[in-house]
**Student:** 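One structure, pasted below without further comment.
No hydrogens, no waters, no symmetry mates; every other heavy atom, side chains included, goes into these values.
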There are 2 protein chains.
Amino acid sequence: MYVYNYANVCIVLWGRIMKKSPTIKDIARKAGVNISTVSRALADHPHISEDKKKQIRKLAADLNYHRNDLAKSLRVKKTHVIGLIIPDIQNPFYPSITRIIEDQAQERGYNILLCHSDFDPQKENNYLSVLLSRQIDGLIIFPTLKIFRNNKRGIVAGKKIPTVFLDTAPLPGIEGNYVFTDNKHGSYLAVKYLLENGHKSIVLFTSEKGLLSSLEQMEEGYIQAFREAGIRVQNKCIFRGELEEKKGLERSVKKLLNKKKSINYSAIICNSDVVARVIYEQAALMDINIPDSLSVVGYDNTFLCSYLDPPLTSVHQPGDALGHQAINILISQIQSEIPWQYRTVSFTPELVVRNSVKQNV
Amino acid sequence: MYVYNYANVCIVLWGRIMKKSPTIKDIARKAGVNISTVSRALADHPHISEDKKKQIRKLAADLNYHRNDLAKSLRVKKTHVIGLIIPDIQNPFYPSITRIIEDQAQERGYNILLCHSDFDPQKENNYLSVLLSRQIDGLIIFPTLKIFRNNKRGIVAGKKIPTVFLDTAPLPGIEGNYVFTDNKHGSYLAVKYLLENGHKSIVLFTSEKGLLSSLEQMEEGYIQAFREAGIRVQNKCIFRGELEEKKGLERSVKKLLNKKKSINYSAIICNSDVVARVIYEQAALMDINIPDSLSVVGYDNTFLCSYLDPPLTSVHQPGDALGHQAINILISQIQSEIPWQYRTVSFTPELVVRNSVKQNV
DNA sequence: GTGAAAGCGCTAACAC
DNA sequence: GTGTTAGCGCTTTCAC
């Protein structure tokens, strides 16, 4: 590719003459004023005469001028870009959160860099590194727990970028804003409901230990509900599957359903509606009837619930509210001119009963 | 906010001493070399001795150095950022496309700025302007048709940013890459299938004239199918609803269903599965049975289809393939060192038959 | 193999 | 009210 600079106006590219993007310098030359005057006029600075402002704005429009935000950001040390790291936009829990975050951000002059982590600490770390290089003003993340262990004095902590941790209970010693659902209570509700309906052997579908705060919390709630009922929890009823990718999830679900012969559980509590969906699919293939021979409780209460057959009983997480809080808190911190007091917002989940649990076993 | 620069190492902020992000200058000073040496070492330039490289890399890691990409981008005139403008991530057609685009981009060193247009030309324009200011290297957009009329010599065209137009048949005189489904054929298939099943009065649910290329195409296919069958199309069978926002869509659907008494149509062809879903919802409220008193054909063949009751017959659009093509073409153009030959890729849709159409009327 | 220096486009402190 | 100028952090050309 051959590029020649020609009088600061054109570039000869591939033999064709193309316009170089105009800069304030070009506008200044045409208007016969200094570049700082242009800069001020376009920023609607008070001490510039209205005439000049009008003239300069017209010139800018005529030239199809667009400010180079890179230069501005480099200078003022603010990018108005927010990094958003979610597990996977294809999980129906995330689109509404993403949409709300983007809408609010846009309204307040920020843009969103979208990243998918798949709950994979390594992907998460890579993105974090990229986002820091890009000088994001703030970060919203559904973090794995490893991020805290690996990066305590590392990426997030070291750079002190305003951060909202979503779906994570506060971690001792880690400063940051936390917005989450009380997942301990969520699983507690699910277990309690199942126990009340006579279920005894209830599996909790979760992941490898120490992956996600929300899952650790769910385990606690699960255990607590049993304890309150005076029932001992068997270790094998906590099932650790692979959540990271679709194939892995299917494999795990198959494995779990095969175990039904040995451990005769009657119900599964999932950590998301997506897991429940896979259970429905695999159960159908194995001729296991839901809810007659297997009860299922989902998590998130996404619109999948009403479309599944039978409709899925699920623990409602207020996705919209989580997104709202996250973006508002983040922008507040970014724009705060006084020392920031970190916020923790938690929501209480509710059980939404549909028809995937067998009554009065 | 009071900020003091102190020896280029620390900043006193809100009374606390905070580390300023280290720059290559800091590394250079510590290593006792010139900043250009550091720059070269970190870029793995060939003419730097291995010893120095090692030393400098270690120093960078120790300082938790992250290159300032703003400065780099400003200098090299490449941001490695791609703008993605989609209507709404909450429509289940878009998450998989988005995911694929982001994945491929990330793999090749690009990041995605996510924008929601809601098919609103004004929002679209605003985002375009923002993205240009941000100096994106490329753009993927589901455009409204107005963009072409308003910006022929304007935003997109004027700046010559590599662009992939998604879901739009090529527009005469507008250069760019086009990736789309042959929606003319899609609606043709739907009408043909309905006619074969004895339906006579078939409504096409579309939007205001001239909003989207895909909808204009659908109209053509719709008309063609009738013409081939020797049936005259009545104007009132092309229904123009509001797609932009949820409330508007519901209102339009209600209006259309109310018309069933006057125009006794037996089937509706939707321009998306989401529209079909709203029809299902409203029909249920109005005690209209699907498919007995109303047949519905969806569009996109998203996973909604199998979850709706009865399962929705829908025209399949290969979302994944669209996303794949779009991002690959875009990055190819961005990285091309020779004059770019614009590409047009179209996919042929298929009708996926389920149970939402009454047979042999 | 390494250093010196220019400059990307912009803002803002300082001058008048 | 407007001009001059330094400098954000980086890459890259040109010396040596």
**Student:** Can you tell me how far C1' of C:dA5 sits from CD1 of B:Ile35, to the nearest Å?
**Tutor:** 9 Å
**Student:** Specify the residue among B:Lys52 and A:Leu74 whose closest nucleotide of DNA chain C lies further upstream toward the 5′ end.
**Tutor:** B:Lys52
**Student:** Let me know the distance between CG of A:Leu70 and P of C:dG9, rounded to the nearest Å.
**Tutor:** 10 Å
**Student:** Reckon A:Thr37 has a side-chain N or O less than 4.0 Å from the OP1 or OP2 of D:dG3?
**Tutor:** yes
**Student:** Would you please confirm or rule out a distance under 4.0 Å between OP1 or OP2 of C:dG9 and any side-chain N or O of B:Lys77?
**Tutor:** yes
**Student:** Rounded to the Å, how far apart are B:Ile27 CD1 and D:dG9 P?
**Tutor:** 13 Å
**Student:** For C:dG9 and A:Tyr65 - does any side-chain N or O of the residue sit under 4.0 Å from the phosphate oxygens OP1/OP2?
**Tutor:** no
**Student:** Ignoring backbone atoms, establish whether A:Lys25 has a side-chain N or O less than 4.0 Å from OP1 or OP2 of C:dC8.
**Tutor:** no
**Student:** In whole angstrom, what separates B:Gln135's CD from C:dC10's C1'?
**Tutor:** 11 Å
**Student:** Less than 4.0 angstrom from a charged side-chain N to a carboxylate O is my criterion; do B:Lys123 and A:Asp103 meet it?
**Tutor:** no
**Student:** Grab the NE2-C1' distance between B:His45 and C:dT2 for me, whole Å please.
**Tutor:** 11 Å
**Student:** A:Ser36 near the nucleic acid: base, sugar-phosphate alone, or nothing, with a heavy-atom cut-off under 4.0 Å?
**Tutor:** base
**Student:** Is B:Asp69 paired with B:Lys72 through a side-chain N to carboxylate O contact shorter than 4.0 Å?
**Tutor:** no
**Student:** With DNA chain D as reference, determine whether B:Asn34 or B:Ala71 sits nearer its 5' end, using the nearest nucleotide of each.
**Tutor:** B:Ala71
**Student:** Does either side chain, that of B:Asp51 or that of B:Ser49, offer a donor lying less than 3.5 Å from an acceptor on the other one?
**Tutor:** no
**Student:** Should the pair B:Tyr94 and B:Phe142 be assigned to parallel (<30°), tilted (30 to 60°) or perpendicular (>60°) ring geometry?
**Tutor:** perpendicular
**Student:** Can you give me the closest heavy-atom contact between B:Ala41 and B:Arg57, atom names plus distance?
**Tutor:** O-NH1, 3.9 Å
**Student:** Using whole Å, report how far NE2 of A:His47 lies from C1' of C:dC16.
**Tutor:** 14 Å
**Student:** Roughly how many Å is it from NZ in B:Lys78 to P in C:dC8, rounded to a whole number?
**Tutor:** 16 Å
**Student:** Identify whether any heavy atom of A:Ser49 sits under 4.0 Å from a base atom; if not, whether one sits that close to sugar-phosphate; answer base, sugar-phosphate or nothing.
**Tutor:** sugar-phosphate
**Student:** Could you check how far NE2 of A:His66 sits from C1' of C:dG9, rounded to whole Å?
**Tutor:** 16 Å
**Student:** Of the candidate nucleotides D:dC8, C:dC10, D:dT13, which contains the atom at the shortest distance from the side chain of B:Arg40?
**Tutor:** D:dT13
**Student:** Could you check whether B:Arg67 gets within reach of a base, just the sugar-phosphate, or nothing at all, counting any heavy atom under 4.0 Å?
**Tutor:** sugar-phosphate
